[in-house]
Amino acid sequence: LPICLNAATVDGTALGGAVTVTVNGVGELTDVKLGDQFAGATAEDIEDLAAGIVVAYRDAKAKADELATQSLGPLAGGFDASGSPFQLGF
């Protein structure tokens, strides 16, 4: 069954689970969760947090891209029009 990519979600994590982001199947960021280790954070902690969010987002986005590829199946590979009577001629 095809998956509705807008409704599907995947999580990405970084910093040993301290940062978790959720994206939908088309890669839109929908949620950010932070671990307790950032309570009372220092400036250095905040820099680590920002970097962790980027890493977690990239992790989740890669999973969303994989989900989209699986959902689209053969459509993701393009369309081979050779032999089709509907060729554009260029």
Side-chain angles (χ1 to χ4, degrees):
L1 290 173
I3 297 172
C4 178
L5 294 176
N6 283 331
T9 60
V10 292
D11 291 335
T13 59
L15 302 175
V19 176
T20 301
V21 298
T22 303
V23 299
N24 65 15
V26 295
E28 297 171 333
L29 183 65
T30 60
D31 193 24
V32 176
K33 293 180 183 153
L34 307 176
D36 293 336
Q37 51 272 62
F38 290 103
T42 66
E44 185 177 314
D45 291 337
I46 298 301
E47 287 179 20
D48 289 344
L49 173 61
I53 290 171
V54 171
V55 171
Y57 172 77
R58 288 178 181 162
D59 181 42
K61 178 72 167 87
K63 291 175 183 175
D65 290 347
E66 177 62 27
L67 182 66
T69 298
Q70 290 173 1
S71 178
L72 294 174
L75 295 177
F79 176 69
D80 181 11
S82 61
S84 169
F86 304 107
Q87 293 182 20
L88 296 177
F90 53 85

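Note: hydrogens, waters and symmetry copies are ignored here, and every other heavy atom, side chains too, is used. For the single chain, residues carry numbers from 1 onward in sequence order.
Note on residues 21-30: pairs passing side chain to side chain donor-acceptor pair (under 3.5 Å), not counting sequence neighbours, are Asp11-Thr22, Asn24-Glu28. Every pair tested for salt bridge (Lys or Arg N to Asp or Glu O under 4.0 Å) that includes a residue from residues 35-55 fails, sequence neighbours excluded, so the list is empty.
Cluster annotation: Phe38 is connected to Val21 through the hydrophobic network of ILVMFWY side chains, with a link wherever side-chain heavy atoms come within less than 4.5 Å. Leu29 and Val19 fall within the same hydrophobic cluster, defined by Ile, Leu, Val, Met, Phe, Trp and Tyr side-chain heavy atoms under 4.5 Å apart, directly or through other members.
Residues satisfying the side chain to side chain donor-acceptor pair (under 3.5 Å) criterion with Glu66, sequence neighbours excluded, are Gln70. Partners of Ile46 according to the side chain to side chain contact (heavy atoms under 4.5 Å, CB included) rule, which considers only residues two or more places apart in sequence or in another chain, are Ala41, Leu49. With sequence neighbours excluded, the residues that form a side chain to side chain contact (heavy atoms under 4.5 Å, CB included) with Val54 are Arg58.
In plain terms, the two heavy atoms of Gly25 and Ala68 that are nearest each other are O-CB, 4.1 Å. Contact between Ala56 and Ala14 at its shortest, heavy atoms only, is N-CB, 3.8 Å. Nearest heavy-atom pair across Gln37 and Ala18 is NE2-CB, 3.0 Å.
Of the possible polar contacts, one joining the Tyr57 side chain to the Gly27 backbone as a donor-acceptor pair under 3.5 Å is found. Ser71 places no side-chain N or O within 3.5 Å of a backbone atom of Leu67 that could act as its donor or acceptor partner.
In this structure, Thr9 OG1 and Asp31 CG are separated by 9.5 Å, a value rounded to the nearest 0.5 Å.
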Would Val10 and Val23 satisfy side-chain contact (heavy atoms from CB on, under 4.5 Å), going step by step from the backbone distance to the final call? CA-CA 6 Å; Val10 292; Val23 299; 3.5 Å; yes
